[in-house]
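Beneath this line is the structure, given in structure tokens, with notes to follow.
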Protein chains: 4
Amino acid sequence: MSPLIVDKKEKYNRIVQVALIVFSRQGYAAASMQQIGEAAGVGKSTLYEYFESKADVFIAAIQAWIDQITCRMTALMEDKIDPIEKMRAAVELVNEIGRQGDNALNRLYIEVYEQMIVETGVLYKRGDLVHEMSAGIRRILTDVILHGISTGVFKAEIARDAERIAANVTACIDGLLLHNLLGNHLFDLKWQVDYYLNTFIETIRVPIPRHHLADTTGKTEEVT
Amino acid sequence: MSPLIVDKKEKYNRIVQVALIVFSRQGYAAASMQQIGEAAGVGKSTLYEYFESKADVFIAAIQAWIDQITCRMTALMEDKIDPIEKMRAAVELVNEIGRQGDNALNRLYIEVYEQMIVETGVLYKRGDLVHEMSAGIRRILTDVILHGISTGVFKAEIARDAERIAANVTACIDGLLLHNLLGNHLFDLKWQVDYYLNTFIETIRVPIPRHHLADTTGKTEEVT
Amino acid sequence: MSPLIVDKKEKYNRIVQVALIVFSRQGYAAASMQQIGEAAGVGKSTLYEYFESKADVFIAAIQAWIDQITCRMTALMEDKIDPIEKMRAAVELVNEIGRQGDNALNRLYIEVYEQMIVETGVLYKRGDLVHEMSAGIRRILTDVILHGISTGVFKAEIARDAERIAANVTACIDGLLLHNLLGNHLFDLKWQVDYYLNTFIETIRVPIPRHHLADTTGKTEEVT
Amino acid sequence: MSPLIVDKKEKYNRIVQVALIVFSRQGYAAASMQQIGEAAGVGKSTLYEYFESKADVFIAAIQAWIDQITCRMTALMEDKIDPIEKMRAAVELVNEIGRQGDNALNRLYIEVYEQMIVETGVLYKRGDLVHEMSAGIRRILTDVILHGISTGVFKAEIARDAERIAANVTACIDGLLLHNLLGNHLFDLKWQVDYYLNTFIETIRVPIPRHHLADTTGKTEEVT
DNA sequence: GATGAATGAGACTTCATTCAT
DNA sequence: AATGAATGAAGTCTCATTCAT
């Protein structure tokens, strides 16, 4: 309420956003509190007024990042009605990310994994934390699937596996993003994502009756 | 003339194997030469008799790891004839890996990614190196696909995309492995891998004629 | 007497010569026993069969180096008769050294000084050793001066200071060599050495009577 | 807003002065940051708050040392008018240095040479830097010579070589200092420096006419 | 609240020397 | 006699964190 509190919140957010960038560029280990402080325009000891430790800054940054992704995904899907369109819109986010020149932000994927898996990692044995943070994304996908089933677009029999299938898609897309990061020039992210998505949708959608196929062309066929 | 006789190659290999484990547990940054030395039963300075630097040890370890995976994959596929069987056998490796209690070895995936992507990483801008190292795996998959096409099991039209599709599969499987590492207890690696593989195979195989379908029942057939 | 003994002496000498080069290039600290061994074509542990320690190798190398210089100086002076000519011949050695492209050998000057002066130096408090090693050079110069006096070319009054004057010349010439090493492009070693030597000789030679000057030309004049 | 107030410049200077002593005693290679830190009363990591590297500390120390010498030389010459007196005053500095019991400071001469000449040296191929640092001293001497010429004390013909002659004197004096450092007890620095300087001055001063010498008494005249 | 200064712990790496064959 | 292998000691440098203003 008081102006001071507002200032604090504002500065906190600024630090988080700046940290996000620094971590994405340097990685957790190589990023120093010094750098984060400088980039945020505060002394490095000031960081300790807002966070307990470097690990804390990282976790806050990752949280913010996941929130941003979730929001963006929601925004992209907002005006679609057809479940398949929604699905494509959701996945379009990945292309958006991949389109960034420097790949800076999606390096965070790696950092999160790294920090979770390595014994000395900041997120070691904190899988729950990340799981919770990313729950939003999985729920969105699950909802799309369930909605698709209820509107007769997707096969009814996958209903009970909806969550697991959402996890499957998330994991596969993550894998594609990662391999894209490898800088392999043979890897055309857009092609790969589209290919994956088409095969996936093909297997969960209710087949289109023969007589419909007769008067359609091109793309539809691929999914036959 | 004849100094202390030691099988340098043998010790080299021992160090590499030990380093593989240490790196997988601690991550590259947190693993110290001290630790690796101790684990291998040699002084830390002895390591420098076999490797130029810590980075060198890491690269050698990763190389060995990829070789092991490639070998094991080849072994698993050896006695299969049907392309679909071969495909399943190849992917079975992933389940094998996932079945390991501590996931130690496959954490290396992350490390490799991390080191490639982060500016200060050992493999930064060495994408070619990793690409080359993992070429074996991609080639195996590509061969299976092409062989499947030539025996009429897989659709002929995917021939020109065989390589890209192999890359697609590799990436998706990697993604599944990674998400499994997250320790998400909802994530049943075997189920997820099977699910993915089934949808994938379904889209590339030549459809089985109607009259055959008439007297078979769903799933059983997929594995035919 | 036995061939084995000859071999040892021969190998000892080879090591010393090689060490001289390595030390002159790298300096004492940066030169490693490894390098010396390799350059001499023997294993590094073999060095310890011939020398107690790295310091020992260095001292032996320096000793050899001083002997070489003394020999060369003697050779250059051998066929001169006039004391002034002898003096010039002796100093010509400095120009010879300076003429070497890489200055490698005369870097040893520095190394010797360094090792004598620094508390942790190999020659620390061993001034006597170097003094003794370089005694030959000083004696040669002293002899020239005394000889010049006895033939009436140099002033008789400097006789009692002959040794100190020889030391003076040695020191000044050393100073010129060192400054030449600095790579200062304004420093023309030959010019500087000649200038110094001319002023020096001018002050110790017996002045040439007026009527002699009348029928001499050029160079002589400079010293008037 | 106002953190711990420390006069960084003051502490910087303290470290430099301390480093000067440590380097002079131990030599660059043998001196450790640990030692310098302890001697300066700060932790070794604190040194890195003031300097980028050990090499940096060294360069700063040498710079300070040269500045000190230059200042002292200027001070000694200040109240002299006669060029010859000035010359003697300048050189008196050398005697001052030599008079120090432990020779600590002038050992730095060696260190500078060593570091410039040895491939792994901190000043390798940085001759320009040292040249620049020592430019002050050379200029002072050059000025004295030129001034001596303009007042008719020194021969006019040496004018065009004034710089080179100044370099010559500097180098010879350096040589004398070095040989003094060798601990040769036969070497009487004061005698040697005086001897050198007398011979040098004798060769550059304008000879005093016969008839003047008749009715004057030596020294008095010199200052005329 | 904000921050510059300080530092201890620890990492990689080098190398003279010893050891066992 | 000769030497490859092994290593302990040491050194430079980094950085998260604390302290005092």
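What you see below is based on every heavy atom in this structure, not just the backbone, and it leaves out hydrogens, waters and symmetry mates. Below, read A as the first sequence line, B as the second, and so on, with proteins coming before strands; counting in each chain starts at 1. As the structure is a computational prediction, the values presented were derived from the model and not from experiment.
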Round to the nearest Å and state the distance from C:Q34 atom CD to E:dT17 atom C1'. 13 Å
Nearest to side-chain heavy atoms of D:S53, which nucleotide of E:dA16, F:dC13, E:dT14: F:dC13
NA contact type, A:A31, heavy-atom cut-off 4.0 Å: base, sugar-phosphate, or nothing? sugar-phosphate
Between A:S32 and D:K54, just flag the one whose closest nucleotide in DNA chain F comes earlier from the 5' side. D:K54
Between A:F23 and A:K54, is there a cation-pi geometry (under 6.0 Å to ring centre, at most 45° from the normal)? no
Whole angstrom value for the distance that separates P of E:dA11 from OH of B:Y28: 13 Å
To the side chain of A:M33, which of E:dA2, F:dT3, F:dT17 is closest? F:dT17
Is the positively charged end of B:K8 above the ring of B:Y50, judged by distance under 6.0 angstrom from the centroid and angle within 45° of the axis? yes
So, does C:K44 get its side chain near the phosphate of E:dA16, meaning an N or O under 4.0 Å from OP1 or OP2? no
Protein-nucleotide distance (D:Y48, atom OH; F:dT12, atom P), rounded to Å: 6 Å
Heavy-atom nearest nucleotide on DNA chain F taken for D:S45 and for B:G43; more 5' hit belongs to B:G43
Does B:K9 qualify as a cation-pi partner of B:Y12, given the criterion of NZ or CZ under 6.0 Å from the six-membered ring centre and within 45 degrees of its axis? yes
What is the distance, rounded to the nearest whole Å, between atom CZ of D:R14 and atom P of E:dA5? 14 Å
May I ask you to check whether A:N13 and A:Q17 show a side-chain donor-acceptor distance below 3.5 Å? no
Would you tell me if any nitrogen or oxygen in the side chain of A:Y50 comes within less than 4.0 Å of OP1 or OP2 on E:dA2? yes
Atom CD of D:E10 and atom C1' of E:dA5 are separated, to the nearest Å, by 14 Å
Tell me the interatomic distance from C:L47, atom CG, to E:dA16, atom P, rounded to whole angstroms. 10 Å
Taking atom CD of B:E10 as the centre, report whether more than 12 heavy atoms of other residues, nucleotides or ligands fall under 6.0 Å from it. yes
Atom-to-atom span, CZ of D:F51 to P of F:dC13 - whole angstrom: 13 Å
Under a 3.5 Å cut-off for both contacts, is E:dA5 paired Watson-Crick or G-U wobble with anything, and if yes, with which nucleotide? F:dT18
On DNA chain E, more 5' by nearest nucleotide between B:A29 and D:G41 is D:G41
Of the candidate nucleotides F:dA2, F:dT7, E:dT17, which contains the atom at the shortest distance from the side chain of B:V42? F:dT7
What does B:A30 touch in the nucleic acid at a heavy-atom separation under 4.0 angstrom: a base, only the sugar-phosphate, or nothing? nothing
Figure out the CD/P separation between B:E38 and E:dC12, and round it to whole Å. 12 Å
